[in-house]
Amino acid sequence: MVRSSSSTSTKEDAQALIQSLRSAYAATPTNLKIIDLYVMFAILTALILVVYMAIVGSFPFNSFLSGVLSCVGTAVLAVCLRIQVNKENKEFKDLPPERAFADFVLCNLVLHLVIMNFLG
């Protein structure tokens, strides 16, 4: 009997947490939601590459590493962009969003030049 009441309490707590996160995320600006989708796409692509490597094999291992590092690096740079563009972040309040996006593009170019060099 104790288990059922504790599992019910845990289930209610989880539902309350999910509802709280959903309502807080609803107030998030659209540009941050778009960046979040981009990050999720990059991570999903990396996961697909890992699953593909596990199923098919990793004959050109440099290609596999380049693809995964490209996805993860792009996701990290997008998270940095999200931090800089967020209006609630007081650390970057003087940084214009255009400058943050220019930094993101420049760092992505450098990242992908390194990735292309790694491919050989």
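Index from 1, following the sequence.
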K.L.:
Looking at Phe41 versus Tyr38, is the centre-to-centre ring distance below 6.0 Å?
P.N.:
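Between Tyr38 and Phe41, which both carry aromatic rings, the centre distance is not below 6.0 Å.
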K.L.:
With rounding to the nearest 0.5 Å, note down the distance linking CD in Glu88 to OG1 in Thr28.
P.N.:
7.5 Å
K.L.:
Mind running side-chain contact (heavy atoms from CB on, under 4.5 Å) on Arg82 and Asp36 for me, showing each step along the way?
P.N.:
CA-CA 8 Å; Arg82 187 188 195 285; Asp36 291 341; 2.5 Å; yes
K.L.:
Is there a continuous path of hydrophobic side-chain contacts, each under 4.5 Å between heavy atoms, that joins Leu32 to Leu37?
P.N.:
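They do not share one cluster, since no chain of ILVMFWY contacts under 4.5 Å joins Leu32 to Leu37.
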K.L.:
Compare every heavy atom of Leu65 with every heavy atom of Phe118, then report the nearest pair and how far apart it is.
P.N.:
CE2-CB, 3.8 Å
K.L.:
Check whether any side-chain heavy atom of Phe104 lies under 4.5 Å from a side-chain heavy atom of Asn108, and answer yes or no.
P.N.:
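Sidechains of Asn108 and Phe104: in contact.
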K.L.:
Has Ser20 got a side-chain atom pairing as donor or acceptor with Ala16's backbone, closer than 3.5 angstrom?
P.N.:
no
K.L.:
Using every non-hydrogen atom in the two residues, find where Ala46 and Val72 come nearest and quote the distance to one decimal.
P.N.:
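Heavy-atom minimum between the residues: CB-CG2, 4.4 Å.
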K.L.:
Hey, could you give me the OG/CG distance between Ser66 and Leu119, rounded to the nearest 0.5 Å?
P.N.:
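Here the interatomic distance stands at 3.5 Å.
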K.L.:
As an exercise, state the distance from CD of Glu91 to CD1 of Ile83, rounded to the nearest 0.5 Å.
P.N.:
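Rounded to the nearest 0.5 Å, the CD-CD1 separation comes to 9.0 Å.
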K.L.:
Looking only at heavy atoms, what is the nearest atom pair of Val85 and Ala100, with distance?
P.N.:
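Scanning both residues completely, I find the closest heavy atoms to be CG2-CB, 4.2 Å.
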K.L.:
Determine the minimum heavy-atom distance between Cys71 and Ala42, stating which atoms define it.
P.N.:
CB-O, 3.5 Å
K.L.:
Following the transitive rule for hydrophobic clusters with a side-chain heavy-atom cut-off under 4.5 Å over Ile, Leu, Val, Met, Phe, Trp and Tyr, establish whether Val79 and Leu95 coincide in one cluster.
P.N.:
yes
K.L.:
Any chance you could measure Lys87, atom NZ, to Lys93, atom NZ, to the nearest 0.5 Å?
P.N.:
12.5 Å
K.L.:
Only one of Leu44, Val51, Val50 passes side chain to side chain contact (heavy atoms under 4.5 Å, CB included) with Ile48; say which it is.
P.N.:
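Answer after filtering Leu44, Val51, Val50: Leu44.
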K.L.:
Taking Phe61 as the starting point, is it possible to reach Val68 by hopping between hydrophobic residues whose side chains are less than 4.5 Å apart?
P.N.:
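Both belong to a single hydrophobic cluster.
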K.L.:
Of the non-hydrogen atoms in Lys33 and Ala26, which two are nearest, and what is the gap between them?
P.N.:
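So the minimum-distance heavy-atom pair works out to NZ-O, 3.7 Å.
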K.L.:
Could you report the tightest heavy-atom contact between Leu49 and Gly67, atom names first, then the distance?
P.N.:
CD1-C, 3.6 Å
K.L.:
Look up atom CG in Leu81 and atom CZ in Phe101, then write down how far apart they are to the nearest 0.5 Å.
P.N.:
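Answer for the CG-CZ pair, Leu81 versus Phe101, is 7.5 Å.
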K.L.:
With hydrophobic residues grouped by side-chain heavy-atom distances under 4.5 Å, do Ile18 and Leu21 end up in a single group?
P.N.:
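The answer is no; the residues belong to distinct hydrophobic clusters.
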K.L.:
Give, for atom CG of Asn117 and atom NE2 of His112, the distance between the pair rounded to the nearest 0.5 Å.
P.N.:
14.0 Å
